[in-house]
Structure formats: C-alpha cells, structure tokens
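In what follows, a structure is listed as structure tokens, so that the remarks can point back to it.
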Amino acid sequence: MDPVRNPYAPGAGQRPPELAGRDRELKQFEVVIERVARGRPERSMIVTGLRGVGKTVLLNAFRSMAIQRLWGTGKIEARPDQSIRRPVASALHRAVRELAPRHRAPDRIEEFLGVLKAFAQAGPEPSGKGKARVHRWQPGIDVPASRGRADSGDLEIDLTELFVDAASVATDVGVGIALFVDEMQDIPADDVSALCAACHELSQVGGPLIVVGAGLPHLPAVLSASKSYSERLFRYARIDRLDRESADHALLAPAEREEVTFTKEALDALYGAADGYPYFVQAYAKVVWDVAPDTPITADDIKVAAPEAETELAVGFFGSRYERATPAERDYMRAMAMLGDDPVPTASVADELGRKPSSLSPARDGLIKKGLIYSAERGMVAFTVPHFGKFLRSQPA
C-alpha cells in the first residue's frame with residue numbers, strides 16, 4: 001500500500017493518529033482543570049508508567065486541553081543533576097506571556113516578570129566553584145529584576161513565592177496556569193522537595209496553578225521520600241499497556257480513515273506481537289502497512305513484517321539504550337533478564353552473577369541514573385522498558 005498514506009506514528013512523544021485507551025485519564029484531567037477554574041480545591045496530577053506507554057503523549061494532550069480553555073501553559077523536561085530553576089523560569093515566562101494580552105493591568109505583568117527575572121538569576125552558578133554567584137543568564141525579559149521576592153537563592157522559598165505570584169496573575173485573568181514536567185523522576189532531590197513545598201503552599205491558598213508531572217513507575221516513591229505529604233498532594237494516574245479493545249481501535253480507526261482494514265487474524269497477531277504497548281502497536285503497524293500489498297491486511301502480512309519491525313525496535317528502541325550501559329551494567333541487566341520479566345530481588349541478581357550484593361551497587365545505581373531500571377520497591381529492581389528482558393535474552397552472550 002501507499003507508504004505516503006501510512007497513518008501510524010512510532011515516535012518519541014509523538015501523538016498517535018488515535019489516542020486510544022486513555023479516556024479515563026483525560027476525564028480526570030478535565031475534572032482537575034474545571035475545578036481549578038471554578039476556584040475549587042484540587043490536587044496537581046502525576047502520570048506514571050514504563051517507557052513507551054504514552055506518558056509524554058498524554059502530557060501533551062493535557063496541555064492542549066488547558067490551552068483550549070485559554071490557560072497559560074509551560075513545559076519542561078527534567079534532566080539528572082540539573083536544577084529546575086532556569087527551566088521553570090522559562091516555562092512560566094511562556095505561560096504568563098500567553099495571559100498578558102488579556103490582562104487589564106500591564107504593570108501587574110511587568111511586576112511579575114521582574115520577580116521571574118530575579119528568580120531565574122538567583123541560583124548558584126552551574127559550575128559550583130567557590131561561593132554561589134548570581135546568574136547573568138537573561139531569560140528574555142525586558143524589565144529590571146525585582147529585589148526581595150523569589151530571589152533568596154533558596155529554591156524552596158523562591159519557587160513558593162514565584163508560584164503564588166504566578167497564580168495571582170492567572171486569578172486576575174480568570175483562568176489558571178499549568179506547568180507540565182516530563183521525566184519528573186530526574187529532578188534532583190532538593191528540587192523535588194522545593195517543588196512539593198510550592199505545590200503544598202498553593203493547595204493551601206487555593207491559587208489556580210497546577211503542576212502536571214509524568215515519570216517512571218517509581219516517581220511516587222521519589223516524591224514521598226522528599227515530602228511525606230506528597231501522597232496527599234497529587235492525584236496519581238498509572239498508565240500501562242492497552243487492553244485488546246483499545247489496541248484494536250488504535251489500529252483500525254486511522255486505517256479506516258484511509259479505507260483500509262485488518263482481518264481478525266491480523267489483529268490477533270498484532271496484539272500478540274505488540275502486547276498492547278502503545279509504542280509497539282505503532283511500530284508494528286507502520287511496518288505492516290508498508291509491506292502489505294492490499295487491504296484487508298492479513299496475518300500473513302504480519303508474518304512478513306514482524307522481523308523487520310523487531311529489527312527496527314532492536315536497533316532504535318532497545319539497542320540505543322543498551323549501548324549507553326557500561327560492561328558491568330550490561331552484565332547486571334543480563335542477570336536480571338535471566339530471572340524473568342517481573343521485578344526481581346537485587347539479592348537474586350547477585351546470586352545469578354556469583355557476586356556480593358554490595359559489590360553490584362555501582363552498576364545498579366548507574367542503571368537507575370540512566371533510566372534503564374528502577375527500584376520497584378526496596379530490594380527489588382525492574383526494567384523501565386517493556387520487553388527489554390526478552391531483547392537481552394535474544395542477544396549473544
């Protein structure tokens with residue numbers, strides 16, 4: 001069939017042609033923003049799940065919903081060992097710029113931008129050498145930095161004051177502000193604590209600003225370790241593989257718009273191959289479309305396409321991650337894979353390698369930092385990528 005008309009989109013964070021199986025989460029977020037807009041108390045929201053289940057896609061869908069309601073929005077992607085001060089400043093700058101044309105008092109906007117500029121410049125230099133110095137970074141704000149507000153250098157104090165002031169601007173316009181944070185588990189521990197404290201203050205004063213985060217399954221534990229009240233601070237939504245009906249809908253809806261369909265046997269084969277994971281559904285479907293001679297797409301077409309799809313996944317989705325690991329980390333992951341696909345005890349990994357658990361801590365910690373595994377619970381580890389154990393077992397030793 002015509003590859004130009006291929007509707008499937010296996011991209012990183014790229015919205016699929018049909019966002020199937022996420023109605024519950026979309027409705028949850030709709031309730032959140034409607035309650036905030038009406039001045040009702042509401043928690044910020046956290047979405048968790050393995051890689052490839054569509055967390056970033058859902059985060060972007062949430063942002064689109066907020067924009068449609070004329071909210072101010074900004075988005076950041078957290079990175080390990082990088083403070084969120086500058087990214088949050090840029091994100092809130094964008095959010096307030098979206099609100100500024102509707103604000104009746106330009107001086108209020110300028111006043112907030114002065115606070116925002118002071119906040120952005122108040123942290124220590126990234127080099128960390130010697131005493132902390134004021135940043136000379138200019139966030140594109142053509143007003144002088146304010147003094148005495150959100151500029152103490154203590155992120156918890158500064159972020160709380162900044163959020164309260166941003167929420168006040170949104171209140172003036174009669175809408176809200178939503179800050180979206182992807183890869184939230186990568187925020188440094190001190191910054192997580194500051195973010196939770198700022199959200200806690202907002203929840204008490206009822207300011208119309210929410211934080212919407214997305215991260216790996218252990219993100220709730222990261223937040224809880226930072227602030228004990230975080231479990232009551234956020235509304236948590238765990239997303240996983242699609243059920244059969246949703247996976248079929250993700251395949252059929254975009255195909256039927258192109259006057260193409262699948263046989264039941266083809267849908268059976270595709271669900272067996274992709275296991276319901278949204279990224280895999282898109283990856284297999286894209287290759288199948290390109291190799292199928294005509295509609296309907298059959299189980300035989302799946303058999304022809306599967307090896308090519310698996311090769312692409314082995315190189316791009318699995319292989320690129322595997323290559324980031326050191327030899328010791330690869331040994332650790334292979335041992336995990338030999339123990340199965342469910343979370344495994346770290347003691348069992350050590351037994352598999354014939355090593356003491358303490359000697360494997362550097363490899364385990366390195367893999368966690370690289371986002372390849374996570375600690376499902378104390379003494380347990382699991383892959384962040386679905387089917388990664390299967391991939392490792394297929395590789396030559």
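Given the structure is predicted, the values throughout are model-derived calculations rather than measurements.
- Under a hydrophobic-cluster definition in which Ile, Leu, Val, Met, Phe, Trp and Tyr are linked whenever side-chain heavy atoms come within less than 4.5 Å, directly or via other members, Y322 and L367 are assigned to the same cluster.
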Can you give me every donor-acceptor pair (side chain of residues 199-217, partner residue at least two apart or in another chain, under 3.5 Å) with its distance?
{"residue": "S203", "atom": "OG", "partner": "H200", "partner atom": "O", "Å": "2.6"}
{"residue": "Q204", "atom": "NE2", "partner": "H200", "partner atom": "O", "Å": "3.3"}

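- Ionic pairing of R85 and D158 is present here: one or more N-O contacts between side-chain nitrogen and carboxylate oxygen are shorter than 4.0 angstrom.
- Checked for salt-bridge contact, E111 and R149 miss the test: no charged N lies under 4.0 Å from a carboxylate O.
- Note on ring orientation: taking the six-membered ring where Trp is involved, the planes of Y8 and F262 are perpendicular (angle over 60°, cut-offs 30° and 60°).
- A salt bridge does not link R43 with E231: every distance from a Lys NZ or Arg NE/NH1/NH2 to an Asp or Glu carboxylate oxygen is 4.0 Å or more.
- Taking the ring centroids of Y279 and F317, they lie under the 6.0 Å cut-off.
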Original post:
When you look at I373 and R364, which way does the side-chain contact (heavy atoms from CB on, under 4.5 Å) test go after all the steps?
Top reply: CA-CA 8 Å; I373 68 172; R364 182 198 63 217; 4.1 Å; yes
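- Proximity of Q282 to K286: side-chain heavy atoms (C-beta onward) are nowhere separated by under 4.5 Å.
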Subject >> From CA spacing to verdict: side-chain contact (heavy atoms from CB on, under 4.5 Å), I368, Y374 >> reply: CA-CA 5 Å; I368 290 174; Y374 69 98; 5.7 Å; no
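- Cluster membership for V57 and L26, using ILVMFWY side-chain heavy atoms within less than 4.5 angstrom, is shared.
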**OP:** Please report the C-alpha distance between T73 and M65 in whole Å, then the side-chain angles of each, then the deciding distance to 0.1 Å, and finally whether the side-chain contact (heavy atoms from CB on, under 4.5 Å) criterion is met.
**Re:** CA-CA 10 Å; T73 68; M65 292 169 65; over 6 Å; no
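- Of the listed residues (M184, E77, M45, K75), just one forms a side chain to side chain contact (heavy atoms under 4.5 Å, CB included) with L59, and that residue is K75.
- R69 and E30 are joined by a salt bridge, as a carboxylate oxygen and a charged side-chain nitrogen come within less than 4.0 angstrom of each other.
- The residues E329 and K370 are annotated as salt-bridged, a charged nitrogen and a carboxylate oxygen being separated by less than 4.0 angstrom.
- No option in I46, I76, V88 other than I76 meets the side chain to side chain contact (heavy atoms under 4.5 Å, CB included) test with V181.
- Checking R241 against Y271 by side-chain atom types alone, no donor-acceptor pair falls below 3.5 Å.
- Within a 6.0 Å radius of CZ in R79, no more than 12 heavy atoms belonging to other residues, nucleotides or ligands are found.
- Taking the six-membered ring for Trp and the full ring otherwise, H387 and F280 have centroids separated by under 6.0 Å.
- Proximity of V381 to Y332: side-chain heavy atoms (C-beta onward) are separated by under 4.5 Å at one or more points.
- A salt bridge links R393 with D341: at least one charged nitrogen is closer than 4.0 Å to a carboxylate oxygen.
- With sequence neighbours excluded, the residues satisfying salt bridge (Lys or Arg N to Asp or Glu O under 4.0 Å) with R35 are E42.
- For the pair V96 and I177, the minimum side-chain heavy-atom distance is below 4.5 Å.
- For the pair T295 (side chain) and T261 (backbone), a donor-acceptor distance under 3.5 Å is present.
- Hydrophobic clustering, with ILVMFWY side chains joined whenever heavy atoms are under 4.5 angstrom apart, groups L339 together with L50.
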Subject >> Chi angles and distances behind the salt bridge (Lys or Arg N to Asp or Glu O under 4.0 Å) call for E156, K227 >> reply: CA-CA 12 Å; E156 184 168 316; K227 295 289 186 183; 3.6 Å; yes
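- Using a 4.0 Å cut-off between a side-chain N of Lys or Arg and a carboxylate O of Asp or Glu, D172 and R104 do not qualify as a salt bridge.
- When atom types are taken as modelled, the side chain of T48 and the backbone of L219 share no donor-acceptor pair closer than 3.5 angstrom.
- No donor-acceptor pair under 3.5 Å is formed between the side chain of S44 and the backbone N or O of F234.
- For the pair R147 and D151, the salt-bridge criterion is not met [side-chain N within less than 4.0 Å of a carboxylate O].
- A donor-acceptor contact closer than 3.5 angstrom is absent between the side chains of S348 and D351.
- Cluster membership for L267 and V287, using ILVMFWY side-chain heavy atoms within less than 4.5 angstrom, is not shared.
- No more than 12 heavy-atom neighbours from other residues, nucleotides or ligands sit within 6.0 angstrom of CZ on R40.
- Using a 4.0 Å cut-off between a side-chain N of Lys or Arg and a carboxylate O of Asp or Glu, D248 and R244 qualify as a salt bridge.
- Surrounding CG of D365 are more than 12 heavy atoms belonging to other residues, nucleotides or ligands, all under 6.0 Å away.
- The distance from the CG atom of L116 to the CD atom of Q121 is 10.0 Å, given to the nearest 0.5 Å.
- Scanning for side-chain hydrogen bond (donor to acceptor under 3.5 Å, both in side chains) contacts around E183 gives R51, Q185, with sequence neighbours left out.
- Cation-pi contact between R321 and F388: absent, since separation from the ring centre below 6.0 Å together with deviation from the ring axis within 45° is not met.
- For the pair S320 and V315, the minimum side-chain heavy-atom distance is 4.5 Å or more.
- The pair E34-K27 does not meet the salt-bridge criterion, since no charged nitrogen lies less than 4.0 angstrom from a carboxylate oxygen.
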**OP:** Evaluate the criterion side-chain hydrogen bond (donor to acceptor under 3.5 Å, both in side chains) for residue pair D165 and S168; output intermediate values, then yes/no.
**Re:** CA-CA 5 Å; D165 287 3; S168 178; over 6 Å; no
Subject >> Step-by-step salt bridge (Lys or Arg N to Asp or Glu O under 4.0 Å) determination, E25 to K55 >> reply: CA-CA 11 Å; E25 291 76 22; K55 299 186 300 297; over 6 Å; no
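- Remark: M380 CE is packed, more than 12 non-hydrogen atoms of other residues, nucleotides or ligands lying under 6.0 Å away.
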**OP:** List the steps, then state whether side-chain contact (heavy atoms from CB on, under 4.5 Å) holds for Y236 with V47.
**Re:** CA-CA 6 Å; Y236 291 96; V47 177; over 6 Å; no
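- Contact check for V32 versus R235: side-chain heavy atoms found under the 4.5 Å cut-off.
- A continuous path of hydrophobic side-chain contacts links L162 to I109 [ILVMFWY only; heavy atoms under 4.5 Å].
- Listed here is the closest heavy atom pair of V291 and E308: CG1-OE1, 4.0 Å.
- Taking 4.5 Å as the limit, every side-chain heavy atom of S375 sits out of range of all side-chain heavy atoms of H218.
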